[in-house]
Amino acid sequence: MLTRIWLTYKQHRFETIAIAVVCLGVAVAAFIEAWRLNSLNVPWHCFQTWQGGGYNGGPIPDAAQLRCNELVQSYQNLQQSTDVSIVRMLLIFVPLIAGIILGAPLVAREIEQGTAPLSWSLSGSRRRWLLGKILAGLLLIVPLMLALGLASDVLQGAMSPHLHTHAAFENYAGRGVIVVFWALAAYAGTLALGTILGRTMPAVVLALVICFFVRTTWEPGMNHFVLTPLATKQADQVSMSNYYSGMVDMSLYQKVYLDGKEISNDEANAWYMQHQGPVVETTPDPAGSMPPAATASDGSGLIVAQPPAIPPSEFPQYVTFGIPGSMYWQVVGFESGVLLLGALLCSAIAFVWVDRRRPY
Amino acid sequence: MALDAGASTITAATAATAATAATAALAAHGLSKRFKKKVALDAVDLIVPSGSVTALVGPNGAGKTTLIRVCMAFERPNSGCVEVDGVDPWKHRTDALRRVGYVPQTPAVYRGLSVEDHLAMARSLHPVFDADHARRRLDQLGIPLDQRADTLSGGQAAQLGLAIALGTRAKILLLDEPLANLDPLARREFIQVLLDAVRSEGSTALLSSHIVTDVEDACDRLVILGGGKVRLDCPLEEARHTHRLTEADSPPPGATAVGSFLGKGGQKVMMLWRLDPAAAAAVVGTSGAGSEPASLEDVVLGYLAAGRGTAGLQLN
């Protein structure tokens, strides 16, 4: 089996080397960017006291605060720089591309180049033949993706220094261990496409389209259809305290309550219309301070006055439901399991198809 | 005189009497294969006796490759079945393929892998592959083991394919037009290596070709396939001795018309006749009385013309 794995690498040496170089390169780039961010050594209190928008007529900051502002500004400039953005984008797409590039030619190229009849006649069992090829891909993909996942976790930690990366849902689907499963799903899916189509390039193109669609719809889809039953009511204060303790909840949806009963957003808007009269456009406070307690935003930038007779506690109450950061591993484990299930399903299709298809 | 192609076709019923199932290395029973509306194999009955070197001859599209592919379980028959050393390859593929060494039509080599890598791959895929055996054969032919296989000449690549097939130590060798892309010298070398191996191992070979002269010196049995049907299946010597050629339509004594075709130069229409064995023994090797011995190429042309209905070549 070791010989077959080695020969599979040799047979696909271009893809093997390219994927290894790109993955390791992106991982190293992510580590470097994380190191650059960390090396600024911005104290945590600087983030909390940062005055990025100017002094706003407040007291003139002291030298320490000026230093803080300068540090945070440098940090943010680096965080939003093009190179960090590129590395972050690569961290999302490289696992998918690596899976696609490695999975597509495994069977398809044998069929294209006419070598499948030779190897299938020698092997007898095509499934065992395919297993050897799949193992070769796995042995390459898994360690490379673990390195990428670790690098993306480290970069996320550097970009959000207050975060405990394994108790926060910020970019959770594109970092850490789940990266391995994204790559495995892309690998197995493209392998199945290559086996069915028997052509490498069409398999690559189709897989790119499918992966792009799945990746962009994954989080909304998971949030809407899968994770909703796990959501619990989030109190704003708890959520904020969690945030500063490094835990970031995943907010999924909001409900509106009035007098203890759930109402729709339309009903809430109707309530405001009824109790405050026509919306009056006002100019926001130039100082940028929060509006008075008895005001509400209708979400369109219009600030409307509230009748002072009704205390805020009797207003419609917006309650957020989500998943606490403490459930990070459960959610990541669940989503990784879904991706693994997809990968296994695609592999099963490839195994069935390779057994039945023609070798040309 | 209209030709009766059906009467002149020797079906496997004749062959089956000569070779019993017990000695058959490869057998097809009512084997049919269609590709959409095109019939590639039409109720083929065939028996390849153990230890024989059988030439499977026919024009392009006759069904030779399809027949071999069915034997390799690359194609599923629409009806009928094949048995490779008594094993149905579609039902017991792994078991059947252990008994077969296969040489594809186009030498299949992995780009970027060396000759030695090919042997290593074969050894890793096939449980009893004898890499030393294959290596020795390649050494004898002066093919460097460290050379990249995609830089080998056509003849060398074909030899690599043959060495891999022989390395499996299979009882049956299926060779799908391996000579088609080779120059005359490479053809001769290939045939020689094949014959040496078959004689020393006692294996059976089915060698397909659309050029009869390629295989007539190597084979001891001839199967002519045309239009998906077996047109002739008999020992090579019998094919030579029991067929006569005439220019006219007056049959030699005890002869049955097979088919007519344009002779060499395209000037004359030649008629192929099949003699019964007694009549054949009387005229063996002789010319005269208006008939002459038929070469194997003539035999093949006659049967293929019969299979095609001899359009434009019917004798008056």
Side-chain angles (χ1 to χ4, degrees), chain A residues 1-19 101-102 104-137 139 195 198 200-201 351-360, chain B residues 35 65-66 68-76 84 87 89-90 92-114 116-129 131 134 148-150 157 160-161 164-165 167-168 170 172-174 176:
Chain A
M1 186 59 89
L2 283 177
T3 308
R4 281 164 68 186
I5 289 170
W6 169 243
L7 288 172
T8 302
Y9 291 146
K10 209 169 171 184
Q11 188 187 342
H12 301 284
R13 59 162 72 82
F14 172 76
E15 291 88 351
T16 305
I17 293 171
I19 287 168
I101 298 293
L102 204 58
L106 275 190
V107 175
R109 188 167 297 156
E110 296 256 3
I111 292 164
E112 281 174 328
Q113 297 187 348
T115 48
L118 175 68
S119 45
W120 291 4
S121 70
L122 287 166
S123 176
S125 167
R126 296 181 195 175
R127 291 178 185 178
R128 211 164 51 221
W129 169 83
L130 183 58
L131 183 66
K133 287 192 156 266
I134 288 178
L135 274 180
L139 287 176
T195 307
T200 306
M201 276 316 290
F351 273 109
V352 170
W353 209 273
V354 82
D355 216 29
R356 303 182 70 83
R357 73 155 295 141
R358 294 175 175 139
Y360 31 80
Chain B
F35 296 101
T65 296
T66 303
I68 290 178
R69 284 176 173 175
V70 171
C71 295
M72 295 302 298
F74 294 162
E75 295 286 351
R76 184 178 201 166
V84 176
V87 179
W90 194 259
H92 308 284
R93 181 162 54 204
T94 307
D95 194 15
L97 293 185
R98 289 279 172 267
R99 299 152 194 260
V100 179
Y102 172 64
V103 180
Q105 182 173 358
T106 309
V109 293
Y110 288 94
R111 291 177 197 168
L113 294 193
S114 68
E116 181 62 47
D117 287 337
H118 280 74
L119 301 185
M121 179 173 286
R123 194 176 53 222
S124 71
L125 289 171
H126 196 279
V128 296
F129 185 78
R148 276 174 57 155
D150 52 353
L160 172 60
I164 290 172
T168 61
I172 301 160
L173 294 169
L174 298 179
D176 186 7

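A note on names: the letters A, B, ... follow the listed sequences, proteins ahead of strands, and every chain is numbered from 1.
Neither the backbone nor the side chain of B:T106 comes within less than 4.5 Å of any heavy atom in chain A. With a 4.5 angstrom heavy-atom cutoff, B:V103 does not touch chain A via any of its atoms.
Applying the 6.0 Å contact sphere to CH2 of B:W90 captures more than 12 heavy atoms from other residues, nucleotides or ligands. For A:F14, the CZ atom sits in a loose shell: 12 or fewer heavy atoms of surrounding residues, nucleotides or ligands are nearer than 6.0 Å.
The CG atom of B:D117 lies 3.5 Å from the NZ atom of A:K10; values are rounded to the nearest 0.5 Å. The structure places CZ of B:R76 at 6.0 Å from CZ of A:R356, a figure rounded to the nearest 0.5 Å.
The side-chain heavy atoms of A:D355 and B:R93, taken from C-beta on, include a pair separated by under 4.5 Å. Residues B:M72 and A:W120 have side chains not in contact (no heavy-atom distance under 4.5 Å, counting atoms from C-beta outward). Proximity of A:R358 to B:E75: side-chain heavy atoms (C-beta onward) are separated by under 4.5 Å at one or more points. The side-chain heavy atoms of A:Q11 and B:R111, taken from C-beta on, include no pair separated by under 4.5 Å.
Annotation: side chain to side chain donor-acceptor pair (under 3.5 Å) contacts of B:R98 (sequence neighbours excluded): none.
Taking the ring centre of B:F74 as origin, the terminal cationic atom of A:R357 falls outside the region bounded by 6.0 Å and 45° from the ring axis.
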**Message:** Would A:Q113 and B:Y110 count as a side chain to side chain donor-acceptor pair (under 3.5 Å) here? Give the steps.
**Reply:** CA-CA 8 Å; A:Q113 297 187 348; B:Y110 288 94; over 6 Å; no
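Interface check for chain B: of the options A:R128, A:R109, A:E110, the most heavy-atom pairs under 4.5 Å are formed by A:E110. Chain B forms the most heavy-atom pairs under 4.5 Å with one residue out of A:L118, A:L2, A:L122, and that residue is A:L122. The choice from A:T115, A:T8, A:T3 that makes the most heavy-atom pairs within less than 4.5 Å of chain B is A:T115.
Distance alone, capped at 3.5 Å, is enough to place a donor-acceptor pair between the A:R13 side chain and the B:G112 backbone.
Within residues 122-129 of chain B, the residues that have a heavy atom under 4.5 Å from a heavy atom of chain A are B:A122, B:S124, B:L125, B:H126, listed by number.
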